[in-house]
Amino acid sequence: MLNDSILSTITFVPTVGAIVVALLPRRGKLIQWFTLLISLLTFALTLHLPAHFQYGQTGFQFEENHPWITSPNIHYHLGIDGISLWLVVLVGFLGPMAVLASWKVIETHTKEFYFLFLLQQTAMIGVFVSLDMFLYYGFWELSLVPMAILIAMFGRNRGPQAAIKFFLYTFLPSALLLVGLIWLYAKTGTFDFVETQQYLSQNSGSIAPQALWWVSLAFLVAFAVKVPVFPLHGWLSDVFSEAPTAMAMVVAGKLGLYSIIRFNLGLFPSQSREVAPLMIALAVIGILYGALIALVQQDMKRFIAFSTIGHLSFCTLGIFCFTIVGLNGTVYQLLNHELSGAAMLILFGILYERYGTYDMGLYGGVATRLPRMATLYLITMLSLIGLPILNGFVGEFLILSSTFGVHPYWGAAATLGVILSAAYMLGMIQKIFYGQPSQLVANKTVPDVVAREGFALVPAVILMLVLGVASPYWIRAISGAVSGLAQNVAHATATFTTTVAEKR
Amino acid sequence: MVVPIAYYLVLSAILFSIGVAAFLIKRNIISIFMSIELMLNAVNLTFVAFAHQWHQVSGQIFVFFVMVVAAAEAAVGLAIIIAIFRTRNTLDVDHVDLMKL
Amino acid sequence: MTSSLHLWLIPLVPFAGFLVNGLLGRRFPKALVTTVALIATLIPFVQVANIALHFSSLTLPYTEQVATWITAGNFHADFAFALDQLTLIMLLVVTGVGFLIHIYSVGYMAEEEGYWRFFAYLNLFMFFMLTLVLAENFLLMFVGWEGVGLASYLLIGFYLTKDSAANAGKKAFVVNRIGDFGFLLAMFLLIAHFGTLSFSEVFNQVAQHPEWQGGFLTAIALFLILGATGKSAQIPLYVWLPDAMEGPTPVSALIHAATMVTAGVYMVVRTHVIFDRSPFALSTIAVIGTATALFAATIGLVQTDIKRVLAYSTVSQLGYMFLACGVAAYSSGIFHLLTHAFFKALLFLSAGSVIHALSGEQDMRVMGGLRKKIPITFWTMTMAVFAISGFPPFAGFFSKDEILYQAFISPNGLGKILWFIGLFTAGLTSFYMFRLWYLTFFGESRAQATTAHDDHGHGHGHGVHESSWVMLTPLVILAILSGIGGWVGVPEAMGGHAEIAHFLSPVTGAAHEAAEGRSMELLLAAVSVTVAVIGWFIAHLMYFAKPALPAQLASKVRGLYSLLLNKYWVDELYGAVVVAPLLLISRYVLKGLFDTGVITGGGMAIGYSAQGLGALVQRVQSGNIRSYAGWLALGAAALLLLTYVGFGTHLLFR
Amino acid sequence: MTDTPQVFRILPEVILTVVGVLIMLAEPLLAKNASRKPLGWLAVLGTLAALAASFWQLQLPAGTAFYGTVQTDAFSVFFHVLIAGIVLATLLVTLDAADPDAENLGELFALTCFSAVGMMLMTSGVELLLVFIGLEISSISTYIMAGFRKRSAKGPESSIKYFLLGSFATAFFLYGIALIFGATGTTAIPAVAGLLTTSQTPLLATIGAAMVLIGLGFKVSAVPFQVWTPDVYEGAPSPVVGLMSTAPKAAAFAVLLRILYVALPALHSHWQPLIWWMAALSMTFGNLGALRQQNVKRMLAYSSIAHAGYLLVAFTALSPDGIAAASFYALSYATMNVGIFAVFSHAGGMGDRLTLVQDYRGLAYRSPLLGGALAFFLISLIGIPFTGGFFGKFYVFAAALHSGMVWLTIIGLVNSGIACYYYLRLLVSSYSKPVHSDLLDGIPPVTAPLLFALLITVATTLILGIVPGRVLALAKAGANTLSPSTSVSPDITASQQ
């Protein structure tokens with residue numbers, strides 16, 4: 001019963017919450033509590049999915065499919081598979097974390113903030129559960145708006161500029177994505193992902209390969225900007241440095257990477273195959289580039305931005321190896337990074353709340369003052385640098401090992417990132433926590449991690465450990481979905497090369 | 001001797017072009033307005049010529065309506081021109097360029 | 001014996017100790033912290049001892065699969081533990097020495113802030129180290145491998161407010177990561193070629209394919225060597241270990257002498273099946289080991305910080321173990337690992353006792369004359385010095401001699417050279433150890449003027465005093481072990497039974513026997529003892545008989561002296577060649593030029609050019625009605641012209 | 001035709017004419033300082049009646065009246081409703097923004113009604129003469145409305161520019177009609193198509209088509225006839241801009257659709273490329289010009305040029321889908337643009353209270369309602385999904401792409417990407433922390449008419465964005481009456497080369 005409408009429920013509970021928030025009076029912490037309640041409710045609902053997921057089944061589950069608009073043929077089609085399953089749960093999990101992280105920082109205009117925050121939740125969940133590409137595109141674009149407005153409203157000092165930059169960077173390629181979508185629709189007569197996939201795999205001959213190639217590229221660029229893949233990352237550090245924590249947590253990574261996996265690999269396997277060498281090179285460059293710049297960053301937010309580029313490039317790398325292991329690793333790494341990266345951003349945020357600066361150079365010796373915080377930083381840092389038995393390792397290892405199997409030299413180069421990430425992360429920890437307390441730290445008495453922050457972070461930290469040691473629980477769902485994809489790509493190569501050969 | 005239709009058409013085209021050129025050259029708003037009238041009348045000539053050619057009165061009826069409309073336009077136009085003159089004390093069209101870019 | 005040994009308990013009990021102390025230790029009284037930490041170490045020790053007692057009744061190798069860790073596609077890794085002879089020895093060393101050092105720490109760290117934190121970290125280290133040695137596959141071993149690095153990082157940086165400690169911790173971790181990079185690549189290669197990371201499966205496959213020689217196995221082996229050089233502080237990655245002495249002394253003893261740094265040796269021995277197929281890799285290890293041994297020993301000659309001397313000595317001794325592995329004398333390597341664990345732990349703990357006695361002073365130049373003041377420490381230290389210098393019948397003699405002998409008889413063409421360098425290094429070892437001995441314990445105290453202490457946090461009084469019994473007991477036990485520990489490997493040439501070699505032979509294979517036989521072995525032993533004596537004699541001459549001599553000598557060969565004193569400027573070299581360029585490139589080329597210039601600037605350039613076009617478009621809006629009419633007319637003309645001329649062009653755009 | 005009284009075919013126009021005349025007559029009777037609001041409410045009521053009458057016309061069988069000059073069908077009803085809706089919202093906004101005792105306010109209400117009459121006649125007229133007259137009625141009314149602020153320097157300037165250039169362009173339009181008449185001998189739109197096939201002088205018709213395009217291109221402010229737009233918008237009062245940036249354009253587009261698809265489908269190979277270029281240039285010019293614009297009204301003027309371009313894209317599709325898309329787009333653009341000018345009108349009044357983008361800085365903080373509405377309309381103008389603006393663009397480009405217009409689609413969507421910059425600038429500005437709040441202090445409290453207007457526009461934009469099905473069906477019905485059997489059937493396969 002619930003299974004039939006669970007996805008809609010999950011998607012729109014935040015919207016309903018947002019509407020209620022808009023109507024609530026601005027009194028006390030009422031809006032915060034209500035939003036927390038809604039986000040916890042959403043999270044609880046997302047837990048229904050893994051509980052009732054049919055493991056081992058291929059295809060989509062919890063499907064809902066109703067006609068929405070008859071002409072063009074658009075359906076309200078929702079469904080998840082092993083890839084989106086955990087991403088939906090992840091969004092649910094990060095929700096309460098984000099609310100708690102914003103609890104004190106967002107003091108004014110809470111109504112606007114939480115309204116847009118909840119809208120953003122809907123948009124993100126919508127992206128993951130939509131199986132109609134039109135619907136998907138709707139949520140995809142929708143996710144830009146709350147983000148941009150919140151960055152503008154709550155930016156540090158250059159918020160408006162960062163908001164515009166972010167929007168332009170993501171909106172421009174999305175326009176091309178729309179061209180691609182409509183073009184596909186013109187050919188296939190459907191926006192349904194599954195039908196389009198079938199159509200493309202069965203009628204590959206009837207569509208000019210050249211055109212299909214451009215369409216796949218339009219898709220890829222739109223998604224790559226959102227990841228962001230080097231060198232399309234120009235927006236990330238500005239957005240990270242301006243956005244409120246709750247927004248920076250969710251802005252990068254999952255939407256773009258999920259979309260690449262779902263659409264580029266799902267619809268355009270042979271084109272993905274063609275573009276793979278370039279993407280692998282960019283991913284490896286991204287890993288090293290992000291790490292090297294993070295090494296010399298003084299601003300915590302920009303630091304984490306470049307570290308994010310590095311980490312997400314691992315995912316890109318894993319995708320374009322087209323191995324089951326690598327794709328598993330990618331999705332897993334995605335979960336890990338979103339979790340640990342979010343935790344790190346929150347940690348930076350709560351340090352900022354206390355000392356009022358993101359400049360690492362002004363810190364020093366915090367460990368003796370705030371030992372609990374130091375511990376949380378340490379564990380999160382270790383998770384991010386991929387220490388075994390914490391979550392980061394599993395994903396990275398799977399990605400790198402599968403890359404190495406296919407492209408030994410790129411794999412080896414990417415593995416260098418492991419060294420660099422340790423270098424910059426430890427450098428950050430050292431600057432902030434070790435040494436004699438700096439002037440800033442010594443002159444200001446601040447509380448250690450308080451209960452509210454603990455509620456936001458401790459579950460995340462525990463999850464880091466659990467994800468690190470109990471990966472099969474997650475991967476069994478992921479594996480079912482990605483193995484089909486990997487075979488799809490492998491199969492596509494064969495057909496594509498033969499058609500090319502015939503053409504010549 | 002019947003004057004060929006083309007003569008009328010060419011004449012009206014020339015008149016129309018003169019109207020256009022006058023619009024571009026003249027500086028006094030009243031003159032510009034007159035040049036518009038010239039263009040409209042060039043069109044009227046065309047209508048009449050075609051009406052004659054097709055033996056259709058509708059073309060001539062059209063002319064009447066155009067004349068009526070031109071009259072209405074003239075009324076409104078002169079009112080606007082007066083408003084312009086009140087705010088600027090000039091009818092030089094080149095001075096009516098407060099809003100630009 | 002029951003069917004299950006519950007090996008998983010061995011690492012997990014210390015982990016539980018870590019969790020308890022780590023989460024709650026801040027609020028615990030010290031005694032409770034101590035109890036938890038010691039029990040968490042004692043239980044594994046007892047369990048290991050129990051296993052050791054029943055060892056003969058076990059069917060080996062014994063494996064225990066606890067749970068699946070990762071399974072994706074065709075890749076699979078388990079939480080699986082294995083027990084064999086090699087593991088047992090390592091377990092005994094780790095739990096035994098580990099437990100002793102825990103006890104010692106109770107005394108040594110008694111006054112420190114963050115007592116609970118220290119023990120939590122120590123337990124964490126035990127967890128990872130035991131995981132490392134118990135692991136049945138490469139991946140789980142890597143867990144321990146990285147984990148001990150983490151524990152080491154935390155413990156080196158234990159004194160949070162000390163910048164040098166933080167730097168050293170970071171350096172240790174990062175340099176180790178370079179090694180881990182090798183380990184990772186080795187694992188990737190293993191996966192690519194074997195499809196598994198399980199030791200038994202990999203080794204079985206290798207065994208089934210005698211035709212596999214060199215090739216990818218060499219590649220795997222070389223990457224493993226890179227890993228090992230990181231963890232075991234060999235050239236070129238040894239640089240972190242001397243700096244790691246910033247940590248509390250028990251840490252140096254446990255992690256940076258007895259256990260963690262030997263992980264590289266353990267790993268090579270564990271995977272010797274692969275190395276056996278690659279003479280090149282073996283030679284590489286041997287050369288690295290020998291070079292490191294010599295190199296570190298020469299630096300050790302002139303160091304003045306007591307712990308740094310010991311650190312370089314550790315690097316040097318690890319070089320010996322590598323040499324043993326390089327000549328495929330794995331059991332000899334493990335033998336030396338064992339004895340080294342005893343005497344080097346003892347050396348560090350004794351040095352700790354000295355430092356403790358001097359309230360934190362580590363500079364040997366201001367020591368001296370401590371023999372009478374701290375006699376027990378003096379005697380235990382003496383045992384250790386004799387052991388490491390290779391005097392019979394102390395432990396070091398047998399193991400080091402075994403290695404040199406194996407090098408000498410090695411079929412490897414380099415064997416003799418390696419032997420000679422090893423021998424020379426033995427002399428150097430003897431010299432610098434006795435130098436330490438003399439400087440610390442003999443002569444007059446040079447401490448009066450200068451030991452107005454820099455504050456190392458040892459808030460004792462100023463009087464020199466012997467340590468408490470909680471510290472001395474481990475010293476005594478280790479001293480006994482340093483004395484007799486070598487007797488488990490007395491070679492047959494000297495009337496022993498080489499028990500350890502026989503014990504390990506199911507794992508490592510039988511040791512080499514030379515054609516020349518026992519007389520040769522005895523002769524070589526005599527030579528090395530002689531060399532050790534010469535070293536002692538020179539030290540005696542320079543630091544006891546004629547204390548002015550070292551300074552004269554140093555001024556005579558000033559270049560060489562300063563080269564050694566500055567550790568061959570290797571740190572500076574790495575800094576100038578690797579670190580500085582990397583940072584410079586990152587800061588100026590990547591961040592400054594590329595990210596700001598190309599990425600941000602490119603975006604801005606596009607933005608500005610669009611705005612420029614916009615300005616151009618706006619130029620049309622002159623505000624002048626006549627110009628507007630002109631545009632209209634022009635547009636109309638264009639439109640009419642296009643209509644008239646026709647439109648071949650537009651088709652291009654459809 | 002026999003059953004339906006002829007006057008029913010022009011019922012909405014009649015109602016609005018009567019109301020307008022009544023207002024004109026009533027105004028002199030009011031005292032000099034008396035509030036003009038009742039006149040406004042009268043106009044609102046009249047518009048509501050006209051709206052109802054338009055809907056009611058849907059019940060009538062499609063047919064013509066008055067000697068085949070007026071035709072009511074789904075197409076005309078669609079545009080009638082659209083125009084009535086715009087006028088309704090504009091009247092409400094004017095009621096909110098204008099000084100209630102301004103002496104000539106009644107005129108404004110009346111002229112609004114008259115212009116609506118003209119525009120409605122344009123959409124239902126199937127005789128070029130009637131179309132011309134409708135065009136003139138609406139134009140002359142709007143010329144005057146643009147100069148509503150006759151005491152300021154900008155008002156008359158706006159008015160004269162619009163008037164002179166408008167008349168100039170009208171002459172071209174008229175000339176075009178004359179030439180079509182010359183080629184076919186008729187000015188009845190449905191008859192032209194048939195007679196054109198037998199015409200001896202199709203060249204005349206071709207040039208006539210181009211001339212018509214020039215005249216209507218001016219009305220919809222398509223490049224290269226866009227020059228007047230920014231200046232006129234800047235000088236006109238905001239509510240009037242809301243009206244004249246939407247309704248006359250919609251009407252002109254309706255006329256263009258009728259003429260091109262009903263009268264001149266045979267010449268499509270001639271006018272289609274023209275429109276291609278006009279569309280591409282309009283989009284590009286409009287968006288680029290807006291990039292640097294600081295004055296919000298001028299910015300929206302450039303934006304309206306761009307939107308005209310988007311709409312013209314639909315024309316190139318040569319399919320009923322394209323017509324439906326154009327109609328839909330006209331509607332969605334109208335709702336969001338009227339909505340956004342409602343916000344401007346309230347914030348800036350009839351005059352120049354808040355003119356620059358940075359003047360709006362912090363609006364959302366000062367008035368969350370206005371800020372939220374502004375943001376919503378801007379988002380729709382950008383073309384974010386779940387708003388009318390998105391579906392409008394979507395249908396337009398889907399239709400174009402269906403007909404193989406790949407490049408035009410790409411140009412268009414890239415343009416919509418560029419466009420988001422200037423919309424976003426305003427959006428972000430209104431959500432940035434305020435600096436000079438004295439400007440914002442002048443904003444009066446929100447009144448009921450404004451709320452009502454915002455409600456209409458927001459709701460319509462949302463409906464168009466979330467459940468566009470019904471509206472689209474209506475637009476499609478209209479499109480089918482225009483080209484019942486796809487009189488222009490583009491050869492899709494051929495054009496895909």
- Task: Counting only heavy atoms closer than 4.5 Å, note whether C:L150 contacts chain A via side chain, backbone, both or neither.
- Result: side chain
- chain A contact via C:L584 - side chain, backbone, both or neither, heavy atoms under 4.5 Å: neither
- Item | Contacts of residues 368-377 of chain A with chain C (heavy atom under 4.5 Å) | A:T368, A:P371, A:R372
- Query: For A:L400, is it the side chain, the backbone, both or neither that has a heavy atom under 4.5 Å from a heavy atom of chain C?
  - Reply: both
- Interface moiety of A:F397 toward chain C, non-hydrogen atoms closer than 4.5 Å: both
- Message: Test side chain to side chain contact (heavy atoms under 4.5 Å, CB included) on C:I70 and A:Y332; report intermediate values, then the result.
- Response: CA-CA 11 Å; C:I70 303 175; A:Y332 206 65; over 6 Å; no
- Query: So what's closer than 4.5 Å to chain C heavy atoms on A:Q436: side chain, backbone, both or neither?
  - Reply: both
- Is the closest side-chain heavy-atom distance between C:F75 and A:N328 below 4.5 Å? no
- Could you tell me which residues in residues 183-190 of chain C have at least one non-hydrogen atom under 4.5 Å from a non-hydrogen atom of chain A, sorted by residue number? C:L184, C:L185, C:M187, C:F188, C:L189
- Using the ring of each side chain (for Trp, its six-membered ring), is A:Y289 parallel, tilted or perpendicular to C:F594, with breaks at 30° and 60°? perpendicular
- Message: Report which part of C:D180 has an atom under 4.5 Å of a heavy atom belonging to chain A: side chain, backbone, both, or neither.
- Response: neither
- Part of residues 140-148 of chain C lying next to chain A, heavy-atom separation under 4.5 Å: C:F142, C:V143, C:E146
- Query: For chain C, which of A:L232, A:L416, A:L295, A:I324 has the most heavy-atom pairs under 4.5 Å?
  - Reply: A:L416
- Message: Taking side chain as everything from C-beta outward and backbone as N, CA, C, O, which of these in A:I389 sits under 4.5 Å from a heavy atom of chain C? Side chain, backbone, both or neither.
- Response: both
- Considering only heavy atoms, which portion of A:L387 lies under 4.5 Å from any heavy atom of chain C: side chain, backbone, both, or neither? both
- Message: What I'd like to find out is whether the side chain of C:F181 reaches to under 4.5 Å of the side chain of A:T415, using heavy atoms alone.
- Response: yes
- Task: Check each atom of C:L583 against the heavy atoms of chain A and say whether the ones under 4.5 Å are side chain, backbone, both or neither.
- Result: both
- Item | Engaged part of A:I478 at the chain C interface, taking heavy atoms whose separation is under 4.5 Å | neither
- Quick one: list whatever passes side chain to side chain donor-acceptor pair (under 3.5 Å) with A:S237, sequence neighbours left out. A:R302
